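Fair warning: this is a prediction, and the values are worked out from it, not measured in the lab.
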Amino acid sequence: MMETSKIQKKMEYTFEELRSSIVRKNIPRCSGIYKVYMPPNFRVKFRADSDAPYKAYDVDKLLEKWETICNFSGYEDGLLYIGKADNLRSRISQYVRTGGGKRANHRGGRAIFQLENNRQLQIKIYECENCKEREAEEIDTYLNFRKALPLANWSRGKKT
């Protein structure tokens with residue numbers, strides 16, 4: 001098994017802030033992971049439609065998954081999605097464009113865009129080596145604690 005990669009640097013932005021290309025230019029073009037969180041006191045309410053240009057998930061399935069996750073508290077409260085990127089700036093830009101209704105080669109995490117007020121959500125960005133391994137480790141840790149994947153993750157990720 002590979003040694004766990006160390007996180008080198010962390011950045012944090014809201015979706016609203018990331019709509020600005022000037023802010024996105026602060027994100028490095030290196031590998032890493034990113035996590036989407038609810039801010040404190042965020043009220044979860046799903047819409048039947050989506051800001052993303054992809055077919056929306058069934059709201060009942062989202063609610064069922066959400067209720068499973070909410071049964072546990074403590075570890076990573078408010079975490080909704082874990083993603084990876086070989087080029088963080090490019091991947092985050094794709095994700096933000098997807099949430100803005102543009103097809104941008106990013107289908108992962110799209111349940112985020114069925115949440116009302118999703119522009120308030122926070123993305124924490126971490127530079128690290130071996131992003132595939134790191135993403136899989138983060139998802140496994142979350143899964144072991146909460147007994148379910150994060151809301152917008154529908155698969156575990158693959159270790160190399």
Check: [Y] main-chain N/O paired with [X] side-chain donor or acceptor under 3.5 Å:
| X | Y | value |
| --- | --- | --- |
| R89 | K25 | yes |
| R146 | I69 | yes |
| N144 | D140 | yes |
| K84 | N130 | no |
| S31 | C128 | yes |

According to side-chain contact (heavy atoms from CB on, under 4.5 Å), who are the partners of [X], at least two apart in sequence or on a separate chain?
| X | result |
| --- | --- |
| D86 | C131 |
| R43 | K45 |
| R103 | P53, Y54 |

Mind checking the [atom1]-[atom2] spacing from [X] to [Y]? Nearest 0.5 Å is all I need.
| X | Y | atom1 | atom2 | value |
| --- | --- | --- | --- | --- |
| L88 | E127 | CG | CD | 7.0 Å |
| E17 | I22 | CD | CD1 | 13.0 Å |
| I92 | N26 | CD1 | CG | 13.0 Å |
| Y142 | I82 | OH | CD1 | 7.5 Å |
| L115 | M38 | CG | CE | 8.5 Å |
| L80 | I112 | CG | CD1 | 4.5 Å |

Can you name the closest pair of heavy atoms from [X] and [Y] and give their distance?
| X | Y | answer |
| --- | --- | --- |
| A56 | A48 | CB-O, 3.2 Å |
| R47 | D49 | NE-OD1, 3.0 Å |
| E138 | I33 | CG-CD1, 3.8 Å |
| V36 | I123 | CG2-CG1, 4.0 Å |
| T68 | A148 | CG2-CB, 3.8 Å |

Inset, instruction - Could you give me the CA-CA distance, side-chain angles and deciding distance for T14 and L18, then say whether side-chain contact (heavy atoms from CB on, under 4.5 Å) is met? - result: CA-CA 6 Å; T14 65; L18 287 168; over 6 Å; no

Legend entry - side-chain hydrogen bond (donor to acceptor under 3.5 Å, both in side chains): pairs with one or both residues in residues 113-122, sequence neighbours excluded: D51-N118

Inset, instruction - May I ask you to check whether Y34 and Y13 place their ring centres under 6.0 Å from each other? - result: no

Inset, instruction - Taking atom types as modelled, find out whether Q94 and R91 have a side-chain donor-acceptor pair closer than 3.5 angstrom. - result: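 Present: a donor and an acceptor within the cut-off.
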
Inset, instruction - Could you list the residues that satisfy salt bridge (charged side-chain N to carboxylate O under 4.0 Å, His left out) with D60, not counting sequence neighbours? - result: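 Listed in chain order: nothing, the list is empty.
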
For [X], give me all partners under side-chain hydrogen bond (donor to acceptor under 3.5 Å, both in side chains), at least two apart in sequence or on another chain.
| X | answer |
| --- | --- |
| Y95 | none |
| S50 | none |
| R24 | S93 |

Inset, instruction - Decide side-chain contact (heavy atoms from CB on, under 4.5 Å) for L62 and D58; before the verdict, give the C-alpha distance in whole Å, the side-chain angles of both, and the deciding distance to 0.1 Å. - result: CA-CA 7 Å; L62 289 173; D58 178 73; over 6 Å; no

Inset, instruction - Flag this pair as yes if the NZ/CZ of K35 is under 6.0 angstrom from the six-membered ring centre of Y81 and inside a 45 degree cone about the axis; otherwise no. - result: no

Inset, instruction - Using the six-membered ring of W66, assess whether NZ or CZ of K61 lies under 6.0 Å from its centre and within 45 degrees of the ring axis. - result: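 No, cation not above the ring by the 6.0 Å, 45° rule.
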
Legend entry - Residues which pass ring-ring contact (aromatic ring centres under 6.0 Å, His included) with Y37, listed by chain and number, not counting sequence neighbours: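 Residues passing ring-ring contact (aromatic ring centres under 6.0 Å, His included) with Y37: none at all.
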
